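One structure below.
Please read all numbers here as calculations on a predicted model, not as lab measurements.
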Amino acid sequence: MRAFRTKAVAVTTGVSLFVGIGAVFAAPAQAYSHLCGKFYGIGKNGPISYRYYDITSTYNTAFGDAQSRWDATSANGYFSKQQSNGDPMVEVRDGSYSWSAWATTSWQGCTFGYWSYNETYLKFNSRTMSSLTARQKKIVAEHEIGHAYGLDHTSLTCSNPGPSVMRQGTVKFGCGGDGPWYDDLQGIRAKY
């Protein structure tokens with residue numbers, strides 16, 4: 001869940017207009033709705049570095065399990081934990097914050113279609129996530145990683161045309177298996 005952004009982003013609707021027919025058709029995969037930015041230079045097999053800052057074992061596990069799920073897919077790049085004091089592409093934190101979302105992913109801006117400084121910030125809100133199961137926390141982490149990749153929210157149900165971790169709210173928790181799902185991967189493939 002995104003609570004704030006430092007810059008406004010324009011998102012295309014994925015709607016095409018065919019002039020001769022006069023009909024409007026929606027794109028088949030909603031994850032094609034992208035945010036402005038993406039990581040620079042990851043290519044098909046490049047590393048996406050991340051580092052934990054002020055994080056408890058609960059959210060370390062949630063993020064670690066989520067990044068492993070993304071790594072097990074055909075999505076571009078793979079996640080690489082940074083051990084040093086270097087500057088990672090994804091900074092991960094948790095805390096008891098006053099805002100109402102389960103988590104946020106933010107960035108400093110978007111330059112020529114890439115995240116400024118090639119960096120995003122992911123924060124888990126332990127206050128609002130405390131009642132979620134370990135599986136649900138992992139799916140929330142998968143959702144936030146999707147934002148870091150540059151995907152926007154979807155409104156897909158579990159079966160129309162299939163689940164997406166980019167859906168806001170609790171609906172995705174009731175879908176079979178764990179994400180990321182087909183629509184999420186199609187969004188990454190289209191973006192990268």
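M89 places none of its side-chain heavy atoms less than 4.5 Å from the side chain of T120. Under the 4.5 Å side-chain criterion, counting only non-hydrogen atoms from C-beta, L151 is in contact with M166. Two residues are said to be in side-chain contact when any heavy atoms from C-beta on lie closer than 4.5 Å; Q108 and E119 meet this criterion. Between E91 and Y50, the closest side-chain pair of non-hydrogen atoms is not below 4.5 Å. Between F39 and W115, the closest side-chain pair of non-hydrogen atoms falls below 4.5 Å. Within the 4.5 Å cutoff, the side chain of W107 has no heavy atoms near those of the Y117 side chain. Within the 4.5 Å cutoff, the side chain of D184 has no heavy atoms near those of the Y149 side chain. Put simply, the side chain of P180 reaches to within 4.5 Å of the side chain of W70, judged on heavy atoms.
Distance check, rounded to the nearest 0.5 Å: CD1 of I42 to OG of S80 gives 12.5 Å. A distance of 8.5 Å separates CD in Q168 from CG in D152, rounded to the nearest 0.5 Å. Rounding to the nearest 0.5 Å places NZ of K137 at 9.0 Å from OG of S126. Remark: T73 OG1 to L185 CG distance equals 4.5 Å, nearest 0.5 Å. To the nearest 0.5 Å, atoms CZ (R189) and OG (S74) are separated by 3.0 Å. One finds the OG atom of S33 at 10.0 Å from the CG atom of D183 (value rounded to the nearest 0.5 Å).
A donor-acceptor pair is defined here as one N or O able to donate and one able to accept, closer than 3.5 Å; such a pair exists between the side chain of H34 and the backbone of G187. Within the 3.5 Å criterion, the main-chain N or O of K123 finds no donor-acceptor partner in the side chain of R93. A donor-acceptor pair under 3.5 Å links the side-chain atoms of N118 to the main chain of Y40, judged by distance alone. Remark: the backbone N or O of L35 is paired with a side-chain donor or acceptor of K191 at under 3.5 angstrom. The backbone N or O of P88 sits nowhere less than 3.5 Å from a side-chain atom of S49 that would complete a donor-acceptor pair. Side-chain atoms of D94 come within 3.5 Å of backbone N or O of T56 as a donor-acceptor pair. Distance alone, capped at 3.5 Å, is enough to place a donor-acceptor pair between the T133 side chain and the Q136 backbone. W99 places no side-chain N or O within 3.5 Å of a backbone atom of T104 that could act as its donor or acceptor partner. A donor-acceptor contact shorter than 3.5 Å links the side chain of R167 to the backbone of L156.
Taken together through direct or relayed side-chain contacts under 4.5 Å among Ile, Leu, Val, Met, Phe, Trp and Tyr, Y97 and Y121 form parts of separate hydrophobic clusters. Taken together through direct or relayed side-chain contacts under 4.5 Å among Ile, Leu, Val, Met, Phe, Trp and Tyr, W181 and Y192 form part of one hydrophobic cluster. Transitive grouping of hydrophobic side chains (ILVMFWY, heavy atoms separated by less than 4.5 Å) keeps Y78 and V90 in distinct clusters.
Taking both residues in full, the closest heavy atoms of A66 and A141 are given as CB-CB, 3.5 Å, listed atom of the first, atom of the second, then distance. Among all heavy-atom pairs drawn from L122 and I145, the shortest one is CD1-N, 4.2 Å. Between S130 and R127 the shortest heavy-atom distance is OG-O, 3.4 Å. For the residue pair T154 and S164, the shortest heavy atom distance occurs at OG1-OG, 3.4 Å. What you find for A75 and I188 is that their closest heavy atoms are CB-CG2, 3.9 Å. Closest non-hydrogen pair, G174 versus C158, comes out as C-SG, 4.0 Å.
Ring geometry for H153 against H143 counts as parallel: the plane angle stays under 30°, on a 0 to 90° scale with 60° as the upper cut. Ring orientation note: the planes of Y59 and F124 are close to parallel, at an angle under 30° on the 30°/60° scale.
A salt bridge between D178 and R69 is absent, with no side-chain N of the basic residue lying under 4.0 Å from a carboxylate O of the acidic one.
Between W102 and F173, the distance from one ring center to the other falls under 6.0 angstrom.
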